[in-house]
Student: 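If you scroll down you'll find the structure; I have some questions about it.
As the structure is a computational prediction, the values presented were derived from the model and not from experiment.
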Amino acid sequence: MATRIVSMRILCPMFQPVLTLRCHGVNIKRYVRKRICVSGLMSVKDSIENSKQVVSQNEHLLQDNIFRNNKKDSIHRPDNISDTVLAREDVINADHCDNPQHTTLSRFGEVDGLLYEKAQPGDKIVTRLVNIARSKKLREQQGKVVLEGKHLIRSALDSGAIAQTVYFSSVDALQELPLDRLRRTSIVKVRMDDPKIWSDLDISKNLIAIFRRPEASHLTFSEEKYGKPVPLTLICDNVRDPGNLAAVLRSAAAAGCHSVLLTKGCVDVWEPKVLRAAMGAHFRLPVIPNLTWSDIPSHLPKTVTIHVADNCSTTLTEDNNTIIPQQQKKPSDYGWVRGHQYPKKVKYEDDDFCGFEDYDGGKSLETQCYYIDWVARHTGLVIGGESHGLSREALRLAESTGGRRLLIPMVCGVDSLNSAMAANILLFEGRKQLLSLAEKIRS
């Protein structure tokens with residue numbers, strides 16, 4: 001034991017420098033590694049800070065890259081690019097790019113001072129459009145409508161409807177729109193060449209837009225552009241076919257009607273099929289949907305007289321004088337209009353109105369041909385759907401206002417006219433009579 005202690009005392013001073021040098025080497029290595037890690041961390045932090053600075057610069061650039069009004073020298077921020085658009089860019093990717101600012105700006109373009117975003121068919125912003133176009137429930141929940149083509153989009157913008165997002169595939173198509181009305185609209189350029197993605201949309205016109213669902217009270221209808229309307233209101237009762245409703249709206253717009261009221265039984269007036277076929281009629285006159293019969297009087301003057309389209313079951317012979325009764329059927333068996341003459345007073349029994357249980361069969365509506373004067377200072381006209389005919393509420397409302405049943409005479413063997421065609425005949429006859437009445441009052 002004593003020998004061991006003596007040997008340690010002798011050898012320790014000899015190996016002390018070596019041990020000290022080794023410890024210093026280990027510490028130096030640890031220090032170097034730590035420095036490398038810290039510098040690596042610093043480089044990542046610097047990259048993130050640089051990326052943040054790029055995004056900040058781009059936001060500042062967007063604030064400066066604004067829409068210039070040709071009429072004014074004042075400058076406004078382009079609200080069509082939202083503050084969250086740039087957040088879609090991954091700032092970490094800037095660390096792997098020689099020019100991160102160029103990468104971020106490559107997602108944007110500019111036309112006539114208006115910025116737009118470039119997207120691919122698989123991007124979320126495009127998927128959102130496709131989902132809204134496909135789902136009626138989604139459109140109703142979010143209060144949106146989808147418009148296609150420059151004519152329809154321009155009509156909506158001219159009336160004051162609010163465009164939320166506009167999608168286009170060519171700059172030429174975008175320039176056909178009034179760009180000064182798209183300052184608060186997100187604009188997206190996307191290729192529209194894949195029929196699988198765009199199967200529910202008409203991409204032939206290279207323009208699609210998502211609008212906030214318009215309300216007639218928030219739209220403007222220019223009398224200078226469309227003319228002064230005549231005091232004629234069209235009421236659609238259970239018109240459930242999109243093509244028929246669209247044609248009726250076009251006829252009402254062409255005849256210069258004051259407004260169109262739709263009962264809850266009608267097809268959705270903002271359905272894409274109706275919008276396409278109506279050719280902008282939605283934005284030429286007030287169209288008020290989803291009304292109950294108790295709501296309708298509040299949208300009409302108190303002095304209004306309401307007439308209904310004929311739907312009866314009698315036959316006219318060739319001499320136009322002999323009335324031949326037929327077997328009684330419910331109104332839906334004939335369509336909404338019946339083109340045959342019958343007595344001036346037609347009384348209805350309970351069996352005549354299957355489904356019209358609450359209508360008082362003891363009362364009657366006077367019937368006349370459509371070309372005999374039937375207009376008043378303000379006139380309402382009810383058009384029924386082809387499958388369900390006129391509702392008992394329509395008949396009751398017409399009787400309470402002193403209205404009549406209007407008949408369109410037709411040759412024997414034809415049961416009914418298409419509701420849109422019949423509406424066209426009656427509306428233009430009503431317009432002619434109203435203009436003639438106004439002329440007589442002026443003279």
Student: Would you say NZ of Lys150 has more than 12 non-hydrogen atoms from neighbouring residues, nucleotides or ligands within 6.0 angstrom?
Tutor: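 No.
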Student: Taking the side chain as every heavy atom from C-beta outward, state whether Phe211 and Thr185 have any pair of such atoms under 4.5 Å apart.
Tutor: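 Not in contact.
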Student: Nearest heavy-atom pair of Ala281 and Leu249: which atoms, and what distance?
Tutor: CB-O, 3.6 Å
Student: Nearest 0.5 angstrom please: Leu182 CG to Ile187 CD1, how far?
Tutor: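 If I round to the nearest 0.5 Å, the distance is 5.0 Å.
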Student: Of all heavy-atom pairs between Tyr371 and Pro409, which one has the smallest distance, and what is that distance?
Tutor: CE2-CG, 4.1 Å
Student: May I ask you to test the Pro297-Lys302 pair for a side-chain heavy-atom distance under 4.5 Å?
Tutor: no
Student: Can a donor-acceptor pair be found, under 3.5 Å and without considering hydrogens, that links the side chain of His307 to the backbone of Leu406?
Tutor: no
Student: What pair of heavy atoms forms the shortest contact from Cys257 to Leu427, and how long is it?
Tutor: SG-CD2, 3.7 Å
Student: Does the Tyr167 side chain pair with the main chain of Ile125, one donor and one acceptor, at a distance under 3.5 Å?
Tutor: yes
Student: Hey, what do you get for CG (Leu234) to CG (Leu261), rounding to the nearest 0.5 Å?
Tutor: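 The CG atom of Leu261 is 8.0 Å from CG of Leu234, to the nearest 0.5 Å.
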Student: Using 0.5 Å steps for rounding, measure from the CG atom of Leu201 to the CZ atom of Arg134.
Tutor: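 Spacing of CG (Leu201) from CZ (Arg134) equals 8.5 Å.
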Student: Please confirm whether the backbone N or O of Asp180 pairs with a side-chain atom of Arg183, one donor and one acceptor, at under 3.5 Å?
Tutor: yes
Student: Any side-chain to backbone donor/acceptor pair from Asp237 onto Ser391? Under 3.5 Å, distance only.
Tutor: yes
Student: Would you kindly say whether Ser155 and Asp158 are connected by a side-chain donor-acceptor distance under 3.5 Å?
Tutor: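 Side-chain D/A pair, Ser155 to Asp158: absent.
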Student: State, to 0.1 Å, how close Leu245 and Cys236 come at their nearest heavy-atom pair, and which atoms those are.
Tutor: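 Of all heavy-atom pairs spanning Leu245 and Cys236, the closest is CD1-SG, 4.1 Å.
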Student: His378 and Thr233: side chain to side chain donor-acceptor pair (under 3.5 Å), yes or no, with the steps?
Tutor: CA-CA 8 Å; His378 195 105; Thr233 296; 3.0 Å; yes
Student: How long is the span from the CH2 atom in Trp198 to the CZ atom in Arg191, to the nearest 0.5 Å?
Tutor: 10.0 Å
Student: What's the verdict on side-chain contact (heavy atoms from CB on, under 4.5 Å) for Asn238 and Arg240, showing C-alpha distance, side-chain angles and the deciding distance?
Tutor: CA-CA 6 Å; Asn238 286 314; Arg240 300 185 179 182; 3.6 Å; yes
Student: Please confirm whether the backbone N or O of Ile132 pairs with a side-chain atom of Ser135, one donor and one acceptor, at under 3.5 Å?
Tutor: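 No; judged by distance alone, with no hydrogens or angles, the pair does not exist.
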Student: CD1/Ile208 to CE/Met192 distance, rounded to the nearest 0.5 angstrom?
Tutor: 4.0 Å
Student: Indicate yes or no: at least one non-hydrogen side-chain atom of Val382 is less than 4.5 angstrom from one of Leu397.
Tutor: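 A side-chain contact under 4.5 Å is absent here.
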Student: Does the side chain of Leu115 come within less than 4.5 Å of Glu110's, by heavy atoms?
Tutor: yes
Student: Would you check if the side chain of Glu148 reaches a backbone N or O of Asp202 as a donor-acceptor pair within less than 3.5 Å?
Tutor: yes
Student: Any chance you could measure Ile408, atom CD1, to Ile425, atom CD1, to the nearest 0.5 Å?
Tutor: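 One finds 4.5 Å between CD1 of Ile408 and CD1 of Ile425.
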Student: Passes side-chain contact (heavy atoms from CB on, under 4.5 Å), Phe168 versus Val111? Steps please.
Tutor: CA-CA 12 Å; Phe168 70 99; Val111 53; 5.6 Å; no
Student: After noting the C-alpha distance and the side-chain angles of Leu300 and Ile306, does the key distance pass the side-chain contact (heavy atoms from CB on, under 4.5 Å) rule?
Tutor: CA-CA 10 Å; Leu300 296 169; Ile306 297 176; 3.7 Å; yes
Student: Using atom types as modelled and distance alone, determine if a side-chain donor or acceptor of Arg181 lies under 3.5 Å from a backbone N or O of Leu157.
Tutor: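 A pair under 3.5 Å: yes.
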Student: Taking 4.0 angstrom as the limit, do Lys432 and Glu429 come out as a salt bridge?
Tutor: yes
Student: For Val287, is there any backbone N or O sitting under 3.5 Å from a side-chain donor or acceptor partner on His282?
Tutor: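 A pair under 3.5 Å: no.
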Student: Between Tyr116 and Val171, is there a side-chain heavy-atom distance shorter than 4.5 Å?
Tutor: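 In short, these two side chains touch, coming nearer than 4.5 Å.
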Student: Main chain of Glu176, side chain of Arg154: is a donor-acceptor contact present, judged purely on distance under 3.5 Å?
Tutor: yes
Student: Counting only heavy atoms not in Arg213, do more than 12 fall under 6.0 Å of its CZ?
Tutor: yes
Student: Side-chain contact test, heavy atoms from C-beta onward, threshold under 4.5 Å: evaluate it for Pro272 versus Arg139 and give yes or no.
Tutor: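 A side-chain contact exists here, since the closest heavy-atom pair is under 4.5 Å.
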Student: Under the 3.5 angstrom rule, does the side chain of Arg212 hit a backbone N or O of Ala161 as a donor-acceptor pair?
Tutor: no
Student: Show the numbers, then the answer: is there a salt bridge (charged side-chain N to carboxylate O under 4.0 Å, His left out) between Glu439 and Arg442?
Tutor: CA-CA 5 Å; Glu439 185 66 27; Arg442 284 196 296 267; 2.7 Å; yes
Student: For Trp374 versus Leu426, what's the shortest heavy-atom pair and its separation?
Tutor: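 The answer is CZ2-O, 3.6 Å.
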Student: Is any side-chain heavy atom of Lys273 less than 4.5 Å from a side-chain heavy atom of Val267?
Tutor: no
Student: Quick one: are Lys136 and Asp268 in side-chain contact, heavy atoms under 4.5 Å?
Tutor: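 A side-chain contact exists here, since the closest heavy-atom pair is under 4.5 Å.
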Student: Please step through side-chain contact (heavy atoms from CB on, under 4.5 Å) for the pair Arg396 and Glu399, ending with a clear verdict.
Tutor: CA-CA 5 Å; Arg396 191 182 300 114; Glu399 188 165 6; 5.9 Å; no
Student: If you compare all heavy atoms of Val260 against all heavy atoms of Leu262, which two are closest, and at what distance to 0.1 Å?
Tutor: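 Heavy atoms only, the tightest pair is CG1-CD2, 3.8 Å.
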